[in-house]
Amino acid sequence: MTETADLIVLGAGAAGSAAAYHAARRNLRVVLLEQFEIDHQRGSSYGASRIIRYAYDHPAYVRLVSAAYPAWAELEREAGETLVYPTGGVDIGRRGEPPFEATLQTLRDEEIPFELLDPAEAERRFPQFRLDADMLMIYQADAAVLPASRCVRAHVRLAEQYGAVVHAGEPVQSIELRDHGVTVRTARQTYSAAAMVLAAGAWANDLLAPLGFPLPLRPVRCQENYFAPLHPASYETGVMPVFVAHLPEYPFRPYGLPSLDGSGFKLGQHGGPDFDPHRAGRPMDEDALASVRQFAERHLPGATNQHLSSRVCLYTMTPDEHFIVDAHPAHPNLIVGAACSGHGFKFSPVLGSILVDLATEGVTLHDISLFRANRFSED
Ligand SMILES: Cc1cc2nc3c(=O)[nH]c(=O)nc-3n(C[C@H](O)[C@H](O)[C@H](O)COP(=O)(O)OP(=O)(O)OC[C@H]3O[C@@H](n4cnc5c(N)ncnc54)[C@H](O)[C@@H]3O)c2cc1C
């Protein structure tokens, strides 16, 4: 028998769980299909923490973050739990380095308040850091930590409370697109709906390629590393800012987040080697661990005093590291939210809302022109 709905959402990561929540909240009949369990550890959206911050090198993201903050606040109210933990954020870099300069310029252009600190002032304000003499620090007070797994679970829980039907452990095997509808098959059931949101993360091309809509996606493995610092109290949320280091000597930007709910101080690198998401195991990478330790020895002494754990997580990169949020070129009832390129979590409540706008109205009030799928095929 075929189960019918208004909207099928594929994938219960950050994007899909948020889309299911927004659709159900708008009184749509929603089916959310996830191949693994909710909050599993094989995709991109699980774990202790993610950064939300205005500091970006492109105005489109700053504007989207401005919409994301109130969306998170609304989710917190509905979920009845704290999901945004203010802690401030810093970017460190050198004058003249393009990503650092672009971030400064965007904050200025978008009139986001920030402070620019020289090394002495930076180390006085944030004694956890050691900066080289030619470095600067941008401080932006609104940056915060999001408890990733709890956010995804809150979206799924509230979607169900609004009536969404959630099927975990049910991989979608095929999608059939018609002019006025979508049919989806799993080993268990056939589903049919007027529209579909496909938010399949690193697995997206398994489903999009047979639909004639392959995207230039590159899944890569990234590693989160957790530490007990020498002075743990200085690395707690509310004391230690989140940080991103724009330093060309590190091919993948080092970043860090304070400890949240006993997680330990988290250090990672923005990027990593290609990785096949179908591989069952996610073994730890000793080189990635050594690299963040090396950064900490120079710029965060004592931060990596004791290694607690490391976990592999996937990024799904596009060539320009901008998202893809668009409809199938021949079937506007299939909306793809993909390739968040390692920075999509902070936007998930607003991204979910945009995906539902596109699936139901074909348009959204948000400016998503940067995320068109056909930008890679243009001259
Ligand atoms: C280590 C790490 C740190 C990060 N830090 C930040 C940060 O600080 N700030 C920030 O904003 N972003 C950050 N990100 C990026 C952010 O987490 C991701 O952009 C976001 O989680 C992507 O969510 P998604 O829903 O697109 O993908 P996923 O979470 O991978 O979800 C896709 C889902 O689709 C399911 N699926 C796939 N195929 C099928 C199928 N055939 N049938 C059914 N289900 C299917 C998968 O199982 C999966 O659950 C980080 C990412 C990582 C890995």
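Read the numbers this way: they start at 1 and go in the same order the structure lists the ligands and their atoms. Just so you know, these numbers come straight off a predicted model, no measurement behind them. Every heavy atom of this structure was used, including side-chain atoms; hydrogens, water molecules and symmetry mates were not.
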*Asks:* G43 heavy atoms, cut-off 4.0 Å: which ligand 1 atoms fall inside?
*Replies:*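 Within the 4.0 Å cut-off of G43, ligand 1 contributes 30 (O).
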
*Asks:* Hey, is I52 touching ligand 1 through its side chain, its backbone, both or neither, going by heavy atoms under 4.0 Å?
*Replies:*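 It is neither part, as no heavy atom is under 4.0 Å.
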
*Asks:* Is the F227 ring parallel, tilted or perpendicular to the H307 ring (thresholds 30°, 60°)?
*Replies:*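 Judged by the thresholds at 30° and 60°, the geometry between F227 and H307 is tilted.
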
*Asks:* Does P171 come within less than 4.0 Å of ligand 1, judged by its heavy atoms?
*Replies:*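 Yes, P171 has heavy atoms under 4.0 Å from ligand 1.
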
*Asks:* With a 4.5 Å cut-off on side-chain heavy atoms, are V350 and H366 touching?
*Replies:*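 Yes, side chains in contact.
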
*Asks:* Please indicate whether any nitrogen or oxygen in K266 is less than 3.5 Å from any nitrogen or oxygen in ligand 1.
*Replies:*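 Not met; the criterion fails.
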
*Asks:* Could you tell me whether some N/O pair between H40 and ligand 1 is separated by less than 3.5 angstrom?
*Replies:*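 Yes; the residue has a nitrogen or oxygen that sits under 3.5 Å from a nitrogen or oxygen of the ligand.
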
*Asks:* Establish, from distance only, whether the side-chain atoms of E224 and Y226 form a donor-acceptor pair under 3.5 Å.
*Replies:*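 There is such a pair (donor and acceptor under 3.5 Å, judged by atom type) between the side chains of E224 and Y226.
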
*Asks:* Would you mind running through ligand 1 and noting each atom that sits below 4.0 Å from a heavy atom of G11?
*Replies:*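 What qualifies from ligand 1 is 33 (C), 34 (O), 35 (C).
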
*Asks:* Would you mind listing which atoms of ligand 1 come within a distance below 4.0 Å of any non-hydrogen atom of A199?
*Replies:*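 Heavy-atom distances to A199 below 4.0 Å select 32 (C), 33 (C), 34 (O).
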
*Asks:* Which one of R53, H270, H167, R50 has a non-hydrogen atom at the shortest distance from atom 4 (C) of ligand 1?
*Replies:*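 Going through R53, H270, H167, R50 one by one, R50 has the nearest heavy atom to atom 4 (C) of ligand 1.
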
*Asks:* Please state which protein non-hydrogen atom is closest to atom 27 (O) of ligand 1 and give its distance, to 0.1 Å?
*Replies:*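 Its nearest protein heavy-atom neighbour is G201 CA, 3.7 Å.
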
*Asks:* Please tabulate, for side-chain N and O atoms in residues 107-117, each donor-acceptor pair with protein atoms closer than 3.5 Å (sequence neighbours left out).
*Replies:*
from : atom 1 : to   : atom 2 : distance (Å)
D109 : OD1    : Q105 : NE2    : 3.0
E110 : OE1    : R63  : NE     : 3.1
E110 : OE2    : R63  : NH2    : 2.8
E115 : OE1    : R125 : NH1    : 2.9
E115 : OE1    : R125 : NH2    : 3.4
E115 : OE2    : R125 : NH2    : 3.2

*Asks:* Look at ligand 1 and say whether F347 reaches it with a heavy atom at a distance under 4.0 Å.
*Replies:*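 No; F347 lies far enough from ligand 1 that no heavy-atom distance drops under 4.0 Å.
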
*Asks:* N/O to N/O below 3.5 Å, does that happen between E170 and ligand 1?
*Replies:*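 No; the residue has no nitrogen or oxygen that sits under 3.5 Å from a nitrogen or oxygen of the ligand.
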
*Asks:* Going from CZ on R311 to CD on Q41, what distance comes out if it is rounded to the nearest 0.5 angstrom?
*Replies:*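 Reported to 0.5 Å precision, the distance equals 6.0 Å.
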
*Asks:* Would you call E74 and R77 a salt bridge, using N to O less than 4.0 angstrom?
*Replies:*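 So E74 pairs with R77 through a salt bridge.
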
*Asks:* Within a distance under 4.0 Å of any heavy atom of G342, pick out the atoms of ligand 1 and give their elements.
*Replies:*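 The atoms of ligand 1 under 4.0 Å from a heavy atom of G342 are 6 (C), 12 (N), 13 (C), 14 (N), 15 (C), 50 (C).
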
*Asks:* In terms of ring plane angle, is the pair F347 and Y61 parallel, tilted or perpendicular, where the classes change at 30° and 60°?
*Replies:*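 The arrangement is tilted - the two ring planes meet at 30° to 60°.
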
*Asks:* Considering both backbone and side-chain atoms of I51, is one of its nitrogen or oxygen atoms within less than 3.5 Å of a nitrogen or oxygen in ligand 1?
*Replies:*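 By distance alone, the answer is yes.
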
*Asks:* Among all protein non-hydrogen atoms, which one is nearest to atom 36 (N) of ligand 1, and what is the separation to 0.1 Å?
*Replies:*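 Its nearest protein heavy-atom neighbour is Q35 NE2, 3.5 Å.
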
*Asks:* May I ask you to check whether Y315 has an N/O atom sitting below 3.5 Å from an N/O atom of ligand 1?
*Replies:*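 For ligand 1, there is no N or O atom that lies under 3.5 Å from one belonging to Y315.
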
*Asks:* Less than 3.5 Å apart, any donor N or O on the side chain of T82 or E76 sitting next to an acceptor on the other?
*Replies:*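 Checked: T82/E76 side chains show no N/O donor-acceptor pair below 3.5 Å.
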
*Asks:* I'd like to check which ligand 1 atoms, numbered from 1 as shown, lie under 4.0 Å from a non-hydrogen atom of L314.
*Replies:*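 Listed by number with element: 53 (C).
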
*Asks:* Is there a donor in the side chain of K346 and an acceptor in the side chain of Y69, or the other way round, less than 3.5 Å apart?
*Replies:*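 The answer is no; no qualifying pair exists.
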
*Asks:* Purely on distance, is any nitrogen or oxygen of A14 under 3.5 Å from one on ligand 1?
*Replies:*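 A14 vs ligand 1: N/O contact under 3.5 Å present.
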
*Asks:* For the pair H343 and H270, name the ring-plane relationship: parallel under 30°, tilted 30 to 60°, perpendicular over 60°.
*Replies:*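 Rings of H343 and H270: perpendicular, over 60°.
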
*Asks:* Not counting sequence neighbours, which residues clear side chain to side chain donor-acceptor pair (under 3.5 Å) with D39? List them please.
*Replies:*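 Here the qualifying residues are S149, R153.
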
*Asks:* List ligand 1 atoms under 4.0 Å from L33, heavy atoms only on the residue side.
*Replies:*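 Under 4.0 Å from L33, ligand 1 has these atoms: 43 (C), 44 (N).
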
*Asks:* Consider every N or O of A15 and every N or O of ligand 1, then say whether any pair is closer than 3.5 Å.
*Replies:*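 Right, the criterion is met.
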
*Asks:* Below 6.0 angstrom between ring centroids: does that apply to F275 and Y315?
*Replies:*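 Distance test on ring centres: not under 6.0 Å, no.
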
*Asks:* Looking at non-hydrogen atoms alone, which of E34, R42, R221 comes nearest to atom 47 (O) of ligand 1?
*Replies:*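 Of the listed residues, E34 has the closest heavy atom.
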
*Asks:* Answer yes or no: does an N/O atom from C313 fall short of 3.5 Å to an N/O atom of ligand 1?
*Replies:*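 No: no nitrogen or oxygen of C313 is under 3.5 Å from one in ligand 1.
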
*Asks:* Looking only at protein heavy atoms, which one is nearest to atom 20 (C) of ligand 1, and what is the separation?
*Replies:*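 The answer is S45 OG, 3.8 Å.
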
*Asks:* Determine whether the side chain, the backbone, both or neither of W203 has a heavy atom under 4.0 Å from any heavy atom of ligand 1.
*Replies:*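 It is the side chain that touches ligand 1; the backbone stays farther off.
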
*Asks:* Geometry only, no angles: is Y255 polar-contacting ligand 1 at N/O separations under 3.5 Å?
*Replies:*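 No: no nitrogen or oxygen of Y255 is under 3.5 Å from one in ligand 1.
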
*Asks:* Quick check: does E224 get an N/O under 3.5 Å from an N/O on ligand 1?
*Replies:*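 Min N/O separation from ligand 1 is not below 3.5 Å for E224.
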
